[in-house]
Amino acid sequence: MGKKFYKSLPDMSKARNRVDSPRLRREEIIVPEKVKAFARGRKYWISTFGCQANVRDQEIMAGYLEEAGFLPAESEDEANIAIINTCAVRENAEEKVYGEIGKFKANHLKDRSFLLAVCGCMMQEEKVAEDIMSRYPYVNLIFGTHNVSSLLNLIDEHLGRKRDIVEVLSFPGDIVENLPSTRLDEFKAYVNITYGCDKFCTYCIVPYTRGRERSRHKEDILEECRKLVEDGYQEITLLGQNVNSYGKDFGDGTSFASILEEVAKLGIKRLRFMTSHPWDFSEEMLDVIAKYPNIMKCIHLPVQSGNNEVLRKMGRRYSREEYLDLVRKIRTKMPECAITTDIIVGFPNETEEQFLDTLSLCEEVKYDAAFTFIYSPRKGTPAAKMVDDVTDADKHERFMRLLKVVENGVVEHAEKMIGKTYAVLVDGPSKKDPGVLSGYAENGKLIHFKGPKALRGHIVDVRVEKSHTFSMIGSLVEDPWISLAKDLKTSLLEEECAKRYFACKKAFEEDEGAQALRDQIEAAQREMMRASKEGDDLGYAKAKKDYASLKEQYENHPCFLNLVHSGEEVRQMLEEVMGELA
Ligand code: SAH
Ligand code: SF4
Ligand code: F3S
């Protein structure tokens, strides 16, 4: 197309604004006619970089595209429309995006109506959209994190105006509900509870790319989770850049602990949450995590640095001592709780001594897992303006030393798992070997084991036999088919009609009138047998008549009729299940 229409471009100073209040919008999904016609017979592809917030945005965009009639493509080259969902958190995340855009040139050359969109956090940075538009003439649409729900209208506008369109909004951000969604996993789901971030750690771009911290209303979250439980989801992860802040913006005492507890009570088998900022991790949260067995004992607690001066410069609002105190509290209350973290190496002017504090903190905490990053200056953040005297070589060398110390902790935890049994939510067969399944234990550790792929989506017991440090090898504790039969039995018993059937059965068994009839029927049967043996024809005829009349009474007994009716409901439900399976 070539012609560009810049509707709006990002402005970091507007993105920093935290003055206006967020608006709550309930979207009505309207598919423009032109988009509906374009979607017919066409397939979509979405490539996502970055964190779970982007994964959830991918699901929402897939929801919009499928509402319009696009079908999912099996691979990139089959796609007639592709969206690249970008991350801006570090430079290397950004570099990957350019390679990804390049991949779709082939689609453009093959199919002149091919539509390529680029969106996500990186688009919220100044100058990026213009740069992409000038370097890649086959990019047709650029939008940001605040207007994902305009996707179909932007496609419509692009098709109607025959222009490549850029619309990136910079404002603190709204809360949009009633979004469509095509979830990527059938058993594990992400649920946003807060958007954005107000912490403004000095190195971090997220508060600018995702806007102000804003909480979704409790009822909207609970409704989404309730539906997931009904649909058979086994695991929910509550998402937010800092979930601990949930509800603070309502100013009515709503807290993360309260929403966590309410979701746990909905009966989801596994509940996780991320991420918790160490600064506002409350005692109340610890109590709730400890109280509910379905809240996984696994806390991601990013420390970033073990040195107080660096923490201060990062704007993290806690000290090394406060962090270690929190770790102690967690472990005292829940000794089995896994603790994982994020660490940044080479923050501007970090000295060797300051780095050694990070190493000693890792030695002390012994993390179950840690994500380690070399500091990457992000334009527009305060840290990016600091003059840095640490060389790249020093940063890399520190990074390698940190990896070693982190690994020692991970090895220690992994070895303690050997010989123990863990409940694992089965993700499915491995790509390399279809006979090998994998899944995560409560503590977040990946375990591989042999089993049938029918176990996918089930929670099974696996005994750990060997450590590969970052993943484990185990074996199923119970015969897999017995586990499946048990699960099936449990889910059938949870069906309303099955519950009704068993209640009617109990009522029928305990009804005194029905019991008397059963006794009388048995007595009549005995009399028929005696009369037949002794050739007492008259006696036999009488007993047979009594038997028929008693049986009629029995079959018209209200408790019996209830039982037959509820049994019929169960039969119909099973037939429906069989129909769906066939
Ligand atoms: N809200 C989450 C993290 C979001 S970003 C939290 O506060 O924990 C994930 C991780 O990326 C951060 O924890 C941090 O360790 C890392 N990170 C963020 N900005 C970075 C930067 N400029 N350079 C290197 N790592 C960074
Ligand atoms: Fe970034 Fe800090 Fe917010 Fe996490 S808490 S998203 S690191 S600003
Ligand atoms: Fe990246 Fe945006 Fe997430 S910058 S880490 S995708 S919030």
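Residues take their numbers from the sequence shown, with the count starting at 1. Both backbone and side-chain heavy atoms feed into the values below; hydrogens, waters and symmetry mates do not. Counting starts at 1 for both ligands and their atoms, following the listed order.
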K.L.:
For ligand 1, which part of Tyr203 has a heavy atom less than 4.0 Å away: the side chain, the backbone, both, or neither?
P.N.:
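The answer is both, backbone and side chain.
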K.L.:
Quick one: does Arg398's side chain get under 4.5 Å of Glu352's, heavy atoms only?
P.N.:
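The answer is yes, as the side chains (C-beta and beyond) meet within the 4.5 Å cut-off.
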K.L.:
Return the residue, atom name and 0.1 Å-rounded distance of the protein heavy atom closest to atom 4 (C) of ligand 1.
P.N.:
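Protein heavy atom at minimum distance: Gln241 OE1, 3.4 Å.
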K.L.:
Indicate the ring-plane relationship of Tyr318 and Tyr323, choosing parallel, tilted or perpendicular according to the 30° and 60° boundaries.
P.N.:
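Rings of Tyr318 and Tyr323: tilted, as their planes differ by 30° to 60°.
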K.L.:
In ligand 2, which numbered atoms sit nearer than 4.0 Å to a non-hydrogen atom of Cys204?
P.N.:
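Matching atoms, with element in brackets: 1 (Fe), 6 (S), 7 (S), 8 (S).
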K.L.:
Of all the heavy atoms in Arg316, does at least one lie under 4.0 Å from an atom in ligand 1?
P.N.:
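Checking ligand 1 against Arg316, which is what was asked, there is a heavy-atom contact under 4.0 Å.
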K.L.:
List every atom of ligand 3 that sits less than 4.0 Å from any heavy atom of Cys121, numbering the atoms from 1 in the order shown and giving each element.
P.N.:
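Contacts of ligand 3 toward Cys121, numbered from 1: 2 (Fe), 4 (S), 6 (S), 7 (S).
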K.L.:
Below 4.5 Å, heavy atoms only, C-beta onward: do Lys445 and Tyr440 meet side chain to side chain?
P.N.:
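They are not in side-chain contact.
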K.L.:
Just by distance, no angles: are the side chains of Asp368 and Thr340 close enough, under 3.5 Å, to form a donor-acceptor pair?
P.N.:
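No - no donor-acceptor pair under 3.5 Å links their side chains.
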K.L.:
Given the rule in the salt bridge (charged side-chain N to carboxylate O under 4.0 Å, His left out) test, do Lys227 and Glu223 qualify, once you have shown the distances and angles that lead to the verdict?
P.N.:
CA-CA 6 Å; Lys227 176 97 194 0; Glu223 190 49 41; over 6 Å; no
K.L.:
Which protein heavy atom lies closest to atom 5 (S) of ligand 1, and at what distance to 0.1 Å?
P.N.:
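Checking every protein heavy atom, the shortest distance to atom 5 (S) of ligand 1 gives Val89 CG2, 3.9 Å.
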K.L.:
How far is atom 8 (O) of ligand 1 from the closest protein heavy atom, and which atom is that?
P.N.:
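It is Pro302 CG, 3.0 Å.
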K.L.:
Closer than 4.0 Å to some heavy atom of Phe200 - which atoms of ligand 2 meet that?
P.N.:
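Answer for ligand 2: 8 (S).
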K.L.:
Compute the ring centroids of Phe347 and Tyr375, then answer whether they are less than 6.0 Å apart.
P.N.:
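For Phe347 and Tyr375, the ring centres are under 6.0 Å apart.
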K.L.:
Are more than 12 heavy atoms from other residues, nucleotides or ligands located less than 6.0 Å from atom CD of Glu336?
P.N.:
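For Glu336, atom CD is not crowded (no more than 12 foreign heavy atoms under 6.0 Å).
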K.L.:
Would you please indicate yes or no on a ring centroid separation below 6.0 angstrom for Phe104 and Tyr136?
P.N.:
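Centroid distance Tyr136-Phe104: not below 6.0 Å, so no.
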K.L.:
For atom 1 (Fe) of ligand 3, what is the closest protein heavy atom, and at what distance to 0.1 Å?
P.N.:
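Atom 1 (Fe) of ligand 3 sits closest to the protein heavy atom Cys87 SG, 2.4 Å.
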K.L.:
Is there a heavy atom of Arg316 sitting under 4.0 angstrom from any atom of ligand 2?
P.N.:
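Distance cut 4.0 Å: Arg316 passes for ligand 2.
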K.L.:
Using a 4.0 Å cutoff against the non-hydrogen atoms of Val206, which atoms of ligand 2 qualify?
P.N.:
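With Val206 as reference, the close atoms of ligand 2 come out as 6 (S).
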K.L.:
Hey, is ligand 1 close enough to Ser376 that some N/O pair sits below 3.5 Å?
P.N.:
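Ser376 vs ligand 1: N/O contact under 3.5 Å present.
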K.L.:
Any nitrogen or oxygen of Gln304 lying under 3.5 Å from a nitrogen or oxygen in ligand 1? Just yes or no.
P.N.:
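Yes.
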K.L.:
Just jot down the ligand 1 atoms closer than 4.0 angstrom to any heavy atom of Thr275, in number order.
P.N.:
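Listed by number with element, the hits are 6 (C), 8 (O).
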K.L.:
Given Phe273, which partner from the list Tyr246, Phe256, Phe281, Tyr190 fulfils the ring pair (Phe, Tyr, Trp, His ring centres under 6.0 Å) test?
P.N.:
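So the option named by the test is Phe256.
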K.L.:
Provide, to 0.1 Å, the distance between atom 7 (S) of ligand 2 and the closest protein heavy atom, together with that atom's residue and name.
P.N.:
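Ranked first by proximity to atom 7 (S) of ligand 2 is Tyr203 OH, 3.3 Å.
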K.L.:
Using a 4.0 Å heavy-atom cut-off, say whether Gln241 meets ligand 3 through its side chain, its backbone, both or neither.
P.N.:
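Under 4.0 Å from ligand 3, Gln241 contributes side-chain atoms alone.
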K.L.:
Is Ala88 in contact with ligand 3, taking contact as a heavy-atom separation below 4.0 Å?
P.N.:
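Distance cut 4.0 Å: Ala88 passes for ligand 3.
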K.L.:
Without hydrogens or angle criteria, can the side chains of Asn107 and Glu78 be said to hold a donor-acceptor pair below 3.5 Å?
P.N.:
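Note: Asn107 and Glu78 side chains miss the donor-acceptor criterion.
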K.L.:
Relative to the heavy atoms of Asn54, which atoms of ligand 3 are at a distance of less than 4.0 Å?
P.N.:
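So the answer, numbered in order with elements, is 6 (S).
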K.L.:
For atom 9 (C) of ligand 1, which protein heavy atom lies nearest, and how many Å away is it?
P.N.:
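The closest heavy atom on the protein side is Asp342 OD2, 3.7 Å.
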K.L.:
For ligand 3, is any non-hydrogen atom under 4.0 Å from Cys51's backbone (N, CA, C, O), its side chain (CB onward), both, or neither?
P.N.:
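Both backbone and side chain of Cys51 come within 4.0 Å of ligand 3.
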K.L.:
Compare all side-chain heavy atoms of Cys225 with those of Glu262 and state whether any distance is below 4.5 angstrom.
P.N.:
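Side chain of Cys225 against side chain of Glu262, heavy atoms only: no contact under 4.5 Å found.
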K.L.:
Here's one to test your reading of the geometry: is the NZ or CZ of Arg16 within 45 degrees of the ring axis of Tyr208 and under 6.0 Å from its centre?
P.N.:
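No - Arg16 does not lie over the ring of Tyr208 by the 6.0 Å and 45° rule.
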K.L.:
Identify the protein heavy atom lying closest to atom 11 (O) of ligand 1, giving its residue, its atom name and the separation to 0.1 Å.
P.N.:
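Minimum-distance protein heavy atom for atom 11 (O) of ligand 1 reads Arg90 NH1, 2.9 Å.
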K.L.:
Got an N/O contact under 3.5 Å between Arg378 and ligand 1?
P.N.:
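Arg378 vs ligand 1: no N/O contact under 3.5 Å.
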K.L.:
Check whether any N, O or S atom of Cys201, backbone or side chain, sits closer than 2.8 Å to atom 2 (Fe) of ligand 2.
P.N.:
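Cys201 does place an N, O or S atom closer than 2.8 Å to atom 2 (Fe) of ligand 2.
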K.L.:
Should you measure from each heavy atom of Cys197, which atoms of ligand 2 turn up under 4.0 Å away?
P.N.:
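Listed by number with element, the hits are 3 (Fe), 5 (S), 6 (S), 8 (S).
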K.L.:
Determine whether the side chain, the backbone, both or neither of Pro207 has a heavy atom under 4.0 Å from any heavy atom of ligand 2.
P.N.:
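Just the side chain.
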K.L.:
Looking at Asn85, Thr86, Val128, which one forms a side-chain contact (heavy atoms from CB on, under 4.5 Å) with Val97?
P.N.:
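That would be Thr86.
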K.L.:
Do ligand 1 and Asn242 have nitrogen or oxygen atoms that lie under 3.5 Å from each other?
P.N.:
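No, Asn242 has no N/O under 3.5 Å of an N/O on ligand 1.
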K.L.:
Suppose I only count heavy atoms of Lys199 and a 4.0 Å limit; which atoms of ligand 2 are within that range?
P.N.:
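Those atoms are 3 (Fe), 5 (S).
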K.L.:
Does the residue Val206 have a heavy-atom contact with ligand 1, meaning some pair of atoms that are separated by less than 4.0 Å?
P.N.:
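No, Val206 has no heavy atom closer than 4.0 Å to ligand 1.
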K.L.:
Is there side-chain contact between Tyr292 and Glu261, with heavy atoms separated by less than 4.5 Å?
P.N.:
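Yes. Closest side-chain heavy atoms under 4.5 Å.
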K.L.:
With a cut-off of 6.0 Å (strictly less than), are more than 12 heavy atoms of other residues, nucleotides or ligands near CD of Glu321?
P.N.:
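Enclosed: over 12 neighbouring heavy atoms sit under 6.0 Å from CD of Glu321.
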K.L.:
Is there a side-chain contact between Arg272 and Glu235 in this structure, where contact means two heavy atoms from C-beta onward sitting under 4.5 Å apart?
P.N.:
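Result yes, sub-4.5 Å side-chain heavy-atom pair found.
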K.L.:
Is there side-chain contact between Tyr367 and Val410, with heavy atoms separated by less than 4.5 Å?
P.N.:
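Heavy-atom side-chain distance check fails, nothing below 4.5 Å.
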K.L.:
Would you call Ile374 a ligand 1 contact, heavy-atom distance under 4.0 Å?
P.N.:
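Distance cut 4.0 Å: Ile374 passes for ligand 1.
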